[in-house]
Amino acid sequence: MLGTWARPPDHIAWAALAVSAVLILFALSPSGPRALASMFDLSSMDDGARRRRFLTVAGFAAAFLSLGYVAIYLRGGPRLPEATGYFLQGRAASHGHFAWAISDPTASFRGQGLLFRAPDAIGGVNPPGYPLLLAFGFVFGAPMVVGPLLAAAIAAATYFLARELAGAGGFDARGRTTEANEGVARLAVGLSLVSAAMRYHTADTLAHAASALAIATALAAALHARRTGDVASFALAGLAAGGVVATRPFSAIPIGIAVLVLALGAERRRRSITAAAFAALPGIALLLVSHAVVAGSPFASPAAAYCAASDDPPGCLARGFDAMSALAAAVRHLRAHLGDVANFEPLALLVLVPLVRRSTSAVRIALVVIAGLILVYVPIRTGALDAVPGRAFADALAVEHAVLAYGVAQLFPSLAFARRALVVLALACGGFAVHAVFTHQAIATGDGDRPKYEPDVTREANVTHGLLYFDTVEGYNLAHDPDTQASHGLLAVRYRGDDHDRLLYDMLGHPAVHRYLPAQPPEPSPLPSSSAFAAPSALAALPLPSATPASAPFWIPPPPQGGYTDETWRFEAESDWPAIAQTGGSARVVELPGTCASDTRGLAVTPSTGSAEASAIFELPLPKADLTNPRWAIAPRAYRGGTKAEGKLEVLGEGDRVLATWTWSDELTAVPPQGNEACLELPPQVIEMPVTSINKDRLVAFARLRLTARGGAVTFDRTQVKRPPP
């Protein structure tokens, strides 16, 4: 509950601690606030040039800090699977694609977070707003600069939103409203700059920063429009709200309601509502067009379609994920979010100050927007967000910084506002140095310490064209370009570890092939048996652990067993995950160590709670057609888990015509051998199905497999495809 507290672990944290100490000294010094008057100069309220200069400096500082985060903590590129998914969609959008065509075998291109539509279309499941912004970065060859540019824009949006909130408050320790506006606005910008979570989200390729910018802009514009009667500002608010619809649709609910309420309270109500509604249409249209292209219908969400067809658990909801589970997850992530607001949890509680002290309708609306952004994500599964800074509720960060600055202005009015602001910023910097930094250190050092694909590695190895096989989802997403052909560029594909790899190599005419091996963390050095009593010189003589750098060695997929005269192709069941479709339950890859399961893994289909039967559909490659002998012999292999379930496997042809069927019982009739002894003879847990021949239509390159589980989970191991004699 308290998190990690320790001495600063890196130079950045030590620098933050030094800044914190300097700010505290200035706050305690009698002349300290005057020495920092350039930041909180309340005598320059009507000086537009100085205000623009402040915003310019703040914008450059925000962009510079986010660029530093990219280099220092992200090591130059996206790290999370979802972030790399946005990266892939941004590259596709730069070519004008929401979805794109892939070649056979599709398992070499399908993957987690990608929605497949038969026969050959694939697209990302994320909304199109943020990928469209990334597309501009790809056009100019610098996609990682988009986040820092958003950081600069967020600083400006936070400034204007805080000014609107403070102006509506009409208070100041000296009784001057305009001074309060500027002081609160500049403090809000300072909080945005020092927030490590904001730096992360404006560095990594996630959509939260774009959504936070649009939400803050929409709220600031709507508050300004209601105060001044400017209908054009309501149009800006509607345009920004539409951007939220296209970027993070759930986040559009609270800000859309807030803009509507403010428009209803405006003097020219009808014109204000009309302007906001029409301005929101481009964002809504962008989302609907994307849905139509990727999912096949404007009103079908690609994410929902992927969750239903390919994800485990089905619908992206964990088994037993009821109202209490959702509430517990929300409380857990809200607790983590307290530290993301300003690096130090007690500072986040200042957002609640307007609830107990004087507040205005503008501040209350901002608080409702914050609460709404939290509530709309309570039913969403957020188990994967635990280690990601600010991820669960990051869309609210800019509004929270503005309200927090407003709360600081209401506390201890006898103290000069500049002193209060310096203390808050000092606590935020110190909180990062000894507390929040460890979450970001985990991002920097976790999962191999580097992005799963670095273009410099292939560039230095002179790998410029052909196939580049990736073991990881992240590496494939970072490297794949939908408009690249293996003959003219570097085509990233998924490494499957079976004959999928060779089949693709054959079908593309044997191009150059390499495998990308991502960087590996260093192995710990072995210590002598008496290391506890070893002399320092002996320990110093031990070799230092070294990381294995990323590489792209030359590699050729092995030919099928028996060569091309007596060919036998092996296709692992888990290589075809995610499923093309699933009903009544879900399919997932399961580890089967110490068994005869091929590659010690399998693909399990499990009925959902309350469902007696579940089925999933996968692809079955059938290699090159032979007009004189179109038959293929299919030899599946299943794994018995010891349940009382019944399994059925079907080969489906054109129009879902059943070409072959196998059934088996998952129940064990004897205790199987353990360990390596299990493979000395055919063990009870491995079921070799009878070989069945089917006729292959020469115009159809691939069939499909439908695996059905009744009464419990069943596990499919692999399929062998053999060419029988004429």
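Keep in mind that this is a model prediction, so the values were computed, not measured. All values below come from the heavy atoms of this structure, side chains included, with hydrogens, waters and symmetry mates left out.
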Tell me the salt bridge (Lys or Arg N to Asp or Glu O under 4.0 Å) pairs involving [range], sequence neighbours left out?
{"range": "residues 468-492", "result": "Asp471-Arg515"}
{"range": "residues 489-501", "result": "none"}
{"range": "residues 131-155", "result": "none"}

Would the distance check show the side chain of [X] and the main-chain N or O of [Y] forming a donor-acceptor pair, the cut-off being under 3.5 Å?
{"X": "Arg248", "Y": "Ala210", "value": "no"}
{"X": "Arg91", "Y": "His480", "value": "yes"}
{"X": "Ser66", "Y": "Ala62", "value": "yes"}
{"X": "Trp577", "Y": "Leu603", "value": "no"}
{"X": "Thr84", "Y": "Pro81", "value": "yes"}

Using the ring-ring contact (aromatic ring centres under 6.0 Å, His included) criterion, which residues pair with [X]? Sequence neighbours excluded.
{"X": "Phe116", "answer": "none"}
{"X": "His291", "answer": "none"}
{"X": "Phe554", "answer": "His514"}
{"X": "His97", "answer": "none"}

Holding to side-chain contact (heavy atoms from CB on, under 4.5 Å), I want the full list of residues that pass it with [X], two or more places apart in sequence or in another chain.
{"X": "Asn343", "result": "Ala196, Ala428, Phe432, Ala436"}
{"X": "Phe438", "result": "Thr4, Ala6, Pro9"}
{"X": "Ile122", "result": "Trp100, Ile102, Arg110, Leu114"}

**Prompt:** Can we call the ring centroids of Tyr69 and Tyr73 under 6.0 Å apart?
**Reply:**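 Tyr69 vs Tyr73: aromatic centres under 6.0 Å.
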
**Message:** Nearest 0.5 angstrom please: Tyr495 OH to Leu468 CG, how far?
**Reply:**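 The OH atom of Tyr495 sits 13.5 Å away from the CG atom of Leu468.
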
**Prompt:** Hey, what do you get for OG (Ser575) to CZ (Arg570), rounding to the nearest 0.5 Å?
**Reply:**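 Separation between the atoms: 8.0 Å.
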
Distance-minimising heavy-atom pair for [X] and [Y]:
{"X": "Ala209", "Y": "Thr202", "result": "CB-CG2, 3.7 Å"}
{"X": "Leu467", "Y": "Pro511", "result": "CG-CG, 3.8 Å"}
{"X": "Ile154", "Y": "Ala398", "result": "CG2-CB, 4.4 Å"}

**Request:** List for me each residue that meets side chain to side chain donor-acceptor pair (under 3.5 Å) alongside Ser251, sequence neighbours excluded, and say none if there are none.
**Result:**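 Ser251 satisfies side chain to side chain donor-acceptor pair (under 3.5 Å) with Tyr377, Asp395 only.
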
**Message:** Apply side chain to side chain contact (heavy atoms under 4.5 Å, CB included) to residues Phe393 and Leu373 and explain how you reach the verdict.
**Reply:** CA-CA 7 Å; Phe393 311 118; Leu373 289 170; 6.0 Å; no

Do [X] and [Y] come within less than 4.5 Å of each other through their side chains, counting heavy atoms only?
{"X": "Arg75", "Y": "Pro451", "value": "yes"}
{"X": "Lys452", "Y": "Val473", "value": "no"}
{"X": "Gln89", "Y": "Phe98", "value": "no"}

**Prompt:** Hey, is NE2 on His95 packed in by over 12 heavy atoms from elsewhere, all under 6.0 Å?
**Reply:**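 Check passes, neighbour count above 12.
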
**Message:** Taking ring pair (Phe, Tyr, Trp, His ring centres under 6.0 Å) as the criterion, tell me which of Tyr516, Phe109, Tyr476 meets it with Phe470.
**Reply:**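 The ring pair (Phe, Tyr, Trp, His ring centres under 6.0 Å) with Phe470 is passed solely by Tyr516 among Tyr516, Phe109, Tyr476.
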
**Residues forming a salt bridge (Lys or Arg N to Asp or Glu O under 4.0 Å) with Arg718, sequence neighbours excluded** =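 With neighbours one apart ignored, the set is empty.
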
